[in-house]
Amino acid sequence: MASTGLLLAGIAVLAVGTYLMRFGGARLGNKLALSERAQALLSDAATTLLFAVALAATFYEGEKFAGMARVLGVAFALFLAWRKAPLIVVILAAAVVTALLRLAGIN
């Protein structure tokens with residue numbers, strides 16, 4: 001396990017990097033002229049990247065399969081999101097379903 005100092009340093013680096021990206025986007029956003037098609041492609045690329053990360057986190061924990069409980073919990077969250085449930089309800093319900101499935105012995 002990583003030491004606390006290393007963990008805090010990683011958090012600080014990510015926080016500073018995120019701030020610099022947001023600051024750079026705000027400063028450069030007015031100076032770069034992108035076509036509507038390019039803006040749509042960038043938006044789609046960001047959505048695709050987030051979907052890929054969510055998909056990987058759903059099915060894998062490290063190098064091994066995360067288990068059916070997590071997959072079913074995420075599937076239930078997707079169902080609730082499709083039914084337009086509030087975000088907090090989606091998150092809590094997915095956590096409860098996953099926990100109950102693990103309690104029942106489904107990994």
Side-chain angles (χ1 to χ4, degrees):
M1 190 97 208
S3 69
T4 305
L6 187 60
L7 184 64
L8 291 175
I11 291 171
V13 167
L14 287 173
V16 169
T18 301
Y19 175 76
L20 289 174
M21 287 177 63
R22 291 182 65 117
F23 180 74
R27 298 288 276 165
L28 292 175
N30 297 333
K31 294 181 182 183
L32 292 176
L34 296 175
S35 67
E36 288 185 28
R37 177 163 164 71
Q39 289 176 352
L41 285 173
L42 286 174
S43 177
D44 290 345
T47 303
T48 303
L49 179 63
L50 287 173
F51 180 72
V53 169
L55 196 63
T58 297
F59 288 106
Y60 295 102
E61 186 172 326
E63 295 179 1
K64 61 181 182 164
F65 180 62
M68 282 306 296
R70 183 185 293 180
V71 173
L72 293 173
V74 170
F76 187 66
L78 287 172
F79 172 75
L80 290 178
W82 174 64
R83 301 293 298 161
K84 301 209 185 315
L87 180 61
I88 190 69
V89 172
V90 172
I91 293 168
L92 291 175
V96 167
V97 166
T98 302
L100 288 175
L101 288 171
R102 287 183 177 162
L103 186 65
I106 299 173
N107 291 329

Fill in: Close side-chain approach of Val74 to Phe59, heavy-atom, < 4.5 Å
no
Worksheet, complete the sentence: So OG1 of Thr48 and CG of Leu55: to nearest 0.5 Å the spacing works out to 12.0 Å
Response to the item:
Nearest heavy-atom contact between Gly73 and Ala94 is O-CB, 3.5 Å
Discussion item. Same cluster or not: Phe65 versus Leu72, using hydrophobic residues (I, L, V, M, F, W, Y) connected whenever any side-chain heavy atoms lie under 4.5 Å apart?
Written reply: yes
Worksheet item: So how far is it from Met68 CE to Thr98 OG1, rounded to the nearest 0.5 Å?
Response: 11.0 Å
Worksheet item: Hey, quick one: are Tyr60 and Ile106 part of the same hydrophobic cluster, counting side-chain heavy atoms closer than 4.5 Å, chains of contacts allowed?
Response: yes
Response to the item:
For Ala66 and Thr58 the tightest heavy-atom approach is CB-O, 3.6 Å
Fill in: Between CG on residue Asp44 and CG on residue Leu49, distance to nearest 0.5 Å
12.5 Å
Item to complete: Would you kindly confirm whether Phe51 and Leu80 end up in one hydrophobic cluster when ILVMFWY residues are joined by side chain heavy atoms under 4.5 Å apart?
Response: yes
Discussion item. Let me confirm one number: the CG-CG distance from Leu87 to Leu92, rounded to the nearest 0.5 Å.
Written reply: 9.0 Å
Discussion item. So for atom CD, which belongs to Gln39, do other residues, nucleotides or ligands contribute more than 12 heavy atoms lying within a distance under 6.0 Å?
Written reply: yes
Practice prompt. Please state whether the rings of Trp82 and Phe79 are parallel, tilted or perpendicular, taking 30° and 60° as the class boundaries.
Written response: tilted
Worksheet item: Are Val97 and Val89 connected in the hydrophobic side-chain network, where two residues link if heavy atoms are under 4.5 Å apart?
Response: no
